[in-house]
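Working notes for the structure below.
The chain is numbered in sequence order, starting from 1. Computed from a predicted model, the values in this text were never measured in an experiment.
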Amino acid sequence: MKVTAPQMGLLNVLLEDLLKRLDVEFIQAPPSNEKPLEIGSRLGPELVCLPLKITLGNLIEGIERGADTIVTAGGFGPCRFGYYGQIQRLIMERAGYKFNTITIEPPTRGISKFIA
């Protein structure tokens, strides 16, 4: 398994360390700049938000560097971030990319139920 993730805060630092400890290769997506924005804008729907387009481009660049699995976060809240994983997976599959997806979801019954 070769894993990539979008450039989102410190997610890459955490994943790289965790996966190294598990002997899983982590493929760093290139830094966010005009290239992932161009890729995400070309493949993503016109009206989706800028962060979705940039992180979509990050994931595609990670796959093009050899990753076969993407890790992203899901969830709920005031924005559509919780849907990124599903939306990006559909967009990339329709574009012909082959990969596995791991979506990290927040616990739905509280952190104490998640840890126990």
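For the side chain to side chain contact (heavy atoms under 4.5 Å, CB included) test, residues two or more places apart in sequence or in another chain that qualify with Lys35 are Asn33, Ile39, Glu61. In terms of the side chain to side chain contact (heavy atoms under 4.5 Å, CB included) criterion, residue partners of Val48 (sequence neighbours excluded) are, by chain and number, Pro45, Leu52, Lys53. Under the salt bridge (charged side-chain N to carboxylate O under 4.0 Å, His left out) criterion, Asp68 pairs with no residue at all, not counting sequence neighbours. In this structure Ala29 satisfies the side chain to side chain contact (heavy atoms under 4.5 Å, CB included) test together with Thr4, Gln7, Asn58, sequence neighbours excluded.
Between the side chain of Arg65 and the main chain of Gln28, a donor-acceptor pair closer than 3.5 Å is present.
Here the CD1 atom belonging to Ile27 is positioned 12.0 Å from the CG atom belonging to Asn12, to the nearest 0.5 angstrom. In this structure, the separation between CG on Leu22 and CE on Met1 is 9.0 Å, given to the nearest 0.5 Å. Distance CD1/Ile87 to CG/Leu56: 10.5 Å, rounded to 0.5 Å. Within the model, atoms CE of Met92 and CD1 of Ile60 stand 6.0 Å from one another, a figure rounded to the nearest 0.5 Å. With rounding to the nearest 0.5 Å, the separation of CD1 in Ile91 from OH in Tyr84 is 11.0 Å. Between the CD1 atom in Ile70 and the CD1 atom in Ile102 there is a gap of 9.5 Å [rounded to 0.5 Å].
Here Leu50 sits in one hydrophobic cluster together with Leu37, Ile54; the rule is ILVMFWY side chains under 4.5 Å apart, joined directly or through other members. Residue Val13 shares its hydrophobic cluster (ILVMFWY side chains chained together at separations under 4.5 Å) with Leu10.
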Chi angles and distances behind the side-chain contact (heavy atoms from CB on, under 4.5 Å) call for Val71, Leu15: CA-CA 9 Å; Val71 173; Leu15 280 176; 3.8 Å; yes
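Sorted by first and then second residue, the side chain to side chain donor-acceptor pair (under 3.5 Å) pairs involving residues 86-100 (not counting sequence neighbours) are Thr55-Gln88, Glu64-Tyr97, Arg89-Glu93. Among residue pairs with one or both ends in residues 39-48, those qualifying as side chain to side chain donor-acceptor pair (under 3.5 Å) are Glu38-Arg42; sequence neighbours excluded. Within the structure, salt bridge (Lys or Arg N to Asp or Glu O under 4.0 Å) contacts touching residues 2-17 (residues at least two apart or in different chains) are Asp17-Arg21.
No single ILVMFWY cluster, assembled from side-chain heavy atoms under 4.5 Å apart, contains both Leu14 and Leu19.
When every heavy atom of Ala5 is checked against every heavy atom of Phe26, the shortest pair comes out as N-CE1, 4.1 Å.
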